[in-house]
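See below for the structure under consideration.
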Amino acid sequence: MKLIKNALIADGDQTKIVDILFDNKIIKIAPSISNHNAQIIDAKGNPVIPGCLDAHVHFNQPGFEYHEDFYTGTKSAAAGGISTIIDMPSTSLPPVTNVENMEHKLQAVQQNALVDFAFWGGIRANDLPDIDNQIQKLWDAGVVGFKIYTISGMDTFGALEYEEISKLLSQHQDLLFAFHAEDAQIIKKNKTKYECSHNPQNYSKIRSIEAEATAVRNILKNRNNHIHFVHISSKKAAELIINSKLQSDVTFETCPHYLQFTAEDLDKLRGRLKTAPPVKFSADREYLRNCLIDGKLDFVTTDHAGSDWETEKNLPDFSQAYNGIPGIQLMIPYLFSEFYLNDKISLARMIEITSAKAAKRFGLYPNKGSMQVGTDADFTVINLSKELIVDEKELYSKGKYSPFFEQKFNCSIAQTIVRGEIVFDENKGILAKPGYGKFLKRS
Ligand SMILES: [Zn+2]
């Protein structure tokens, strides 16, 4: 049994100090608890929030372990205050497109995971048209939804046309679909107008605002479906989604890089900031920040995707550099430092975007994403009196780079607790053994 003393928790839009008693589940939350058998963790008045959830990561196992695997990925998660991750279907071999492949992936990763994890299923062009049966079985096996790309750089996971998407969605109105939304034709055309080999910021004009908005607009025509948009990067696309929330069940996420950087930063940060879709312009960044503050944005994810700095990222030809940022270790310190400590959002709003809303959307609530008696004892303890200067060498990910390198955050992660076990402690490092992380099914 463990007892967190002096935890600052959300109480409506206010906060209060409590003690929290737990084993693998939460036993009691009260203004003051004494228990002589419990191991004491003194939060010293720091925020304690429901264990954070990153609903969009690429941990690449099995198949692309040279980029990342579940051991390095979940270590990075634990050190970043993330107690649950949801892994994408596209960056493993075989991809998670049927139950057999899902079981194969589960076998490969479960001995490596330090934090709890769920899987996305996916639908790729390679498998159409005969997959209706497989999709339903995969949904029943517990994937949180189905990822679809409208543009893909992966030979092993081809993109779908809008017509194929509409046909598929009309046959599966009970399921949840997630989209990487960028219009392939517009991007193809823009490539003839702009070059980004030597002008990195042109990358944001090639994979443009219009490309994202056009794909979003086409997908939103499928009004009877449950739709989630991953990594939205532009104001125009976000507005389309927000405006359609009245008629449709639609949600969207953005990532820390879109909240902090713009195309101009690509010239300096180059491979460190290269991702797809690319960061956009200052009006987009400001709009997304306001959505985070005012509640229009559903939640934040990292789109964590590591790769080798020297051979895949730090290339003289920017157009050849790998698309991906390994952000999972830094997202929570960044969000607390940039938004909570600057008085832009309440602790309650922080919990929505880091824990609660994604857990609800993907069928993991209330065991994940909440702090109630009887639910999983997952906590992220923030240390507001210790700053973090981003040192790329200290990232547990195989990707040793970050667009936030050398930046200072005014807080750090004190502990990450998963089902009652401290998996990371800022003074002791990683404490959980690989294999502790448990596979979660959507319920
Ligand atoms: Zn992704």
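Read the numbers this way: they start at 1 and go in the same order the structure lists the ligands and their atoms. Just so it is clear, the structure is predicted and the values come from calculations on it, not from any experiment.
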Which of Leu106, Ile86, Ile85 passes side chain to side chain contact (heavy atoms under 4.5 Å, CB included) with Phe119? It is Leu106
Name the one of Ile49, Ile413, Asn410 that satisfies side chain to side chain contact (heavy atoms under 4.5 Å, CB included) with Phe336?
Ile49
Any pair counted as side-chain hydrogen bond (donor to acceptor under 3.5 Å, both in side chains), so long as it reaches residues 239-248, sequence neighbours left out
Lys245-Asp298
Relative to the ring of Phe146, is the ring of Phe177 parallel (under 30°), tilted (30 to 60°) or perpendicular (over 60°)?
tilted
Do Glu68 and Gln61 have side chains that get closer than 4.5 Å, going by heavy atoms?
no
So, leaving waters aside, the tally of protein N/O/S atoms less than 2.8 Å from the Zn ion (ligand 1) stands at 3
State, yes or no, whether a side-chain contact exists between Phe339 and Arg289 at a heavy-atom distance under 4.5 Å.
yes
